[in-house]
Amino acid sequence: MDSTNGKSYDLLVERLTANGVDVESVRERLRAQHLETPSWGYGNTGTRFGVFPQPGVPRDPFEKISDAAEVHRLTGVCPTVAIHIPWDRVDDYGELKKHAESFGVGIGAVNPNLFQEQEYKLGSVCHPDSAVRRQAAEHLLECVEVAKEVGSDVLSLWFADGTNYAGQDSFVERRHRMLDCLSEAYGTMPSGMRMLLEYKPYEPAFYHTDLADWGAALTMCQRLGEQAQVLVDLGHHAKEVNIEYVVALLLDEGRLGGFHFNNRKYGDDDLIVGSVNPFELFLIYVELLAAEDYGARIDYMLDQTHNIEPKMEAMILSVTNLQEAYAKALLVDRDKLNEARRSGDILGAHRLLLDAYATDVRPLCARTREELGGAADPIAAFKTSGYTGRMAEERKEGAQAGWG
Ligand code: RM4
Ligand code: MN
Ligand code: MN
């Protein structure tokens, strides 16, 4: 790989430079890319039809973080890991934080889990019974505390709240109940902390969902205050929604706070990002680049479940797909694009995007990973490292982590 990569890297740089690309600045931005992996992506997962356990899967939050650290070691761009409470509940969060740091990573977004307990059958923060809403509010408050203890400044919220049948409950009353609960948690957040609200059109609720789309999430954020922002999960849209346009709107409102990357073919499939629709991913990055121009803080997180594919390899592939999408977006000639737009050159503008998208940026991404102390080909390096075999041996006693 090395000598071939060296040659293809030199050729690529030569070509890009001839086209007027500032390769140095592209390299710098690629090195600064930060992607957060999810602790729940390392445990066993499945569908409602079954779960297929894999060898070497972590048994507890500490081991999930160790796996996340291995992904960071090989790619150089995944310095944080998101946690889900209570899936990752531990007695001593300070110890979890120290463990992460000793493995060279930090803890990122704290995700409260308000959908699995029996009490939440009719919802959590929108539940008609105030006692259940109290329980949900207490969990949110607990998660603000957890975030403080693990050194995180992001509370990332997704609610399964919704109804299954027309007439089941009042849309507006539910909205007001949510606002009350969230306001309480919002009020306890320290000034640097952000609350991210993630929308999803359906599932598990099948008639209506309380935060169904970006408009519902955005207006809730506007009611809460500046520290509340919207999180876009790529799997959470109706099929024909133009996600890059949603991204642009939220950016323009200063309310895009985070991303859950994954890919879908049908519903909320949580497949490897870039595996189904890589062009869409590229177009999303083209819009996201605007955020860097005005210094917006966006947390780029993966939210995937690798049910049948090897988990660690899948995570690494997701990361390299994101590096490539970002690199391609960085190659778009903005000046020429603006010129084409202004002069009404429809296909000239469109072809500028196609040119960037068609560029094979893999040598550039490989070089970036090496410069960050990772591997040019992280999947090959992972496979030859024998990590899975070692973990299968080390972790053979006890129950593997999974949903629930
Ligand atoms: C949801 C959503 C959330 C994730 C849960 C497990 O569909 O994507 O982000 O925390 O699944
Ligand atoms: Mn998500
Ligand atoms: Mn989802």
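All figures in this text were calculated on a predicted structure; none of them were measured in a lab.
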**Asked** Sub-3.5 Å donor-acceptor pair from the side chain of Asn263 to the main-chain atoms of Gly274, do we have one?
**Response** yes
**Prompt:** Any ion pair linking Arg134 and Glu184 (charged N to carboxylate O, less than 4.0 Å)?
**Reply:** yes
**Message:** Do the side chains of Lys336 and Asp355 get close enough for a salt bridge, i.e. N-O under 4.0 angstrom?
**Reply:** no
**Val273 backbone acceptor or donor facing Asn262 side chain under 3.5 Å** = no
**Prompt:** Under 3.5 Å, is there a donor-acceptor pair between the side chain of Asp88 and the main chain of His84?
**Reply:** yes
**Request:** Take Trp40 and Asp303 through the test side chain to side chain donor-acceptor pair (under 3.5 Å) and record every step on the way to the result.
**Result:** CA-CA 8 Å; Trp40 56 98; Asp303 180 12; 2.7 Å; yes
**Complete:** The reported gap from CD in Glu117 to NE2 in His139 (rounded to nearest 0.5 angstrom) is 7.0 Å
**Prompt:** Taking the side chain as C-beta and beyond, is there a heavy-atom pair between Tyr207 and Gln168 under 4.5 Å?
**Reply:** no
**Asked** Just by distance, do the side chain of Arg255 and the backbone of Val230 share a donor-acceptor pair under 3.5 Å?
**Response** no
**Request:** List the atom of Met193, the atom of Gln227, and the distance in Å for their closest heavy-atom pair.
**Result:** O-NE2, 2.8 Å
**Asked** Is there a side-chain contact between Leu322 and Leu302, using heavy atoms and a 4.5 Å cut-off?
**Response** yes
**Prompt:** Taking the side chain from Thr368 and the backbone from Arg31, do they hold a donor-acceptor pair closer than 3.5 Å?
**Reply:** no
**Asked** So, do Tyr42 and His306 have ring centers that fall under 6.0 Å from each other?
**Response** no
**Message:** Show the nearest heavy-atom pair for residues Val105 and Cys78, with the distance to one decimal.
**Reply:** CG1-O, 3.9 Å
**Item:** Under 3.5 Å: donor-acceptor pair, side chain of Ser152, backbone of Gly108
**Value:** yes
**Asked** Is there a side-chain contact (heavy atoms from CB on, under 4.5 Å) between Thr37 and Asp67 once you walk through the steps?
**Response** CA-CA 10 Å; Thr37 69; Asp67 282 5; over 6 Å; no
**Message:** Once rounded to the nearest 0.5 Å, what's the spacing between atom CG of Leu289 and atom CG of Asp293?
**Reply:** 7.0 Å
**Prompt:** Please walk me through it: do Trp158 and His260 pass side-chain contact (heavy atoms from CB on, under 4.5 Å)?
**Reply:** CA-CA 11 Å; Trp158 171 73; His260 271 179; over 6 Å; no
**Request:** Identify the heavy atoms of Leu197 and Cys221 that sit nearest to each other, and give their distance.
**Result:** CD1-SG, 3.9 Å
**Asked** Is the ring centre of Tyr285 less than 6.0 Å from the ring centre of Phe261?
**Response** yes
**Request:** Kindly compute the distance separating OH (Tyr266) from CZ (Arg264), expressed to the nearest 0.5 Å.
**Result:** 11.0 Å
**Glu101/Lys98 salt bridge by N-O under 4.0 Å criterion** = no
**Request:** Taking Lys311 for its side chain and Gly43 for its backbone only, find out whether a donor-acceptor pair lies under 3.5 Å.
**Result:** yes
**Request:** Using a strict 4.0 Å threshold on nitrogen-to-oxygen distance, state whether Arg194 and Asp299 make a salt bridge.
**Result:** yes
**Prompt:** Pick from Ile316, Ile379, Thr320: which one makes a side-chain contact (heavy atoms from CB on, under 4.5 Å) with Leu74?
**Reply:** Ile316
**Asked** Hey, mind stepping through His208 and Arg174 against side-chain contact (heavy atoms from CB on, under 4.5 Å) and telling me if it holds?
**Response** CA-CA 11 Å; His208 109 283; Arg174 290 180 71 90; 3.8 Å; yes
**Message:** In the structure I gave you, are the side-chain heavy atoms of Tyr326 and Val361 within less than 4.5 Å of one another anywhere?
**Reply:** no
**Prompt:** Under a 4.5 Å cut-off applied to non-hydrogen side-chain atoms, are Val71 and Met312 in contact?
**Reply:** yes
**Glu149 side chain near Lys97 side chain, heavy-atom distance below 4.5 Å** = no
**Request:** Output yes when a side-chain donor or acceptor of Asn19 lies under 3.5 Å from a complementary backbone atom of Thr17, and no otherwise.
**Result:** no
**Complete:** Pro201 and Ala238 have their tightest heavy-atom pair at CG-N, 4.3 Å
**Request:** Please report the shortest heavy-atom distance between Asp360 and Pro363, naming the atom on each side.
**Result:** O-CD, 3.6 Å
**Message:** Are the side chains of Glu292 and Leu288 in contact, using a 4.5 Å heavy-atom criterion?
**Reply:** no
**Fill in**
Exactly one of Gln33, Lys328, Arg369 clears side chain to side chain donor-acceptor pair (under 3.5 Å) with Gln323, and that residue is Arg369
**Request:** Identify the heavy atoms of Cys143 and Leu155 that sit nearest to each other, and give their distance.
**Result:** CB-CD1, 3.7 Å
**Request:** Anything under 30° is parallel, anything over 60° is perpendicular, the rest tilted; go ahead and classify Phe103 against His99.
**Result:** tilted
**Request:** Please tell me if the side chains of Asp233 and Asp268 come closer than 4.5 Å, counting only heavy atoms from C-beta onward.
**Result:** yes
**Request:** Please determine if Arg177 and Asp169 form a salt bridge, counting it only when a charged side-chain N lies under 4.0 Å from a carboxylate O.
**Result:** yes
**Item:** Salt bridge flag under 4.0 Å for residues Glu142 and Arg89
**Value:** yes
**Prompt:** When rounded to the nearest 0.5 angstrom, what is the spacing between CG in Asp377 and CD in Glu370?
**Reply:** 10.0 Å
**Prompt:** So, the side chain of Lys239 versus the backbone of Lys265: is there a donor-acceptor pair under 3.5 Å, distance only?
**Reply:** yes
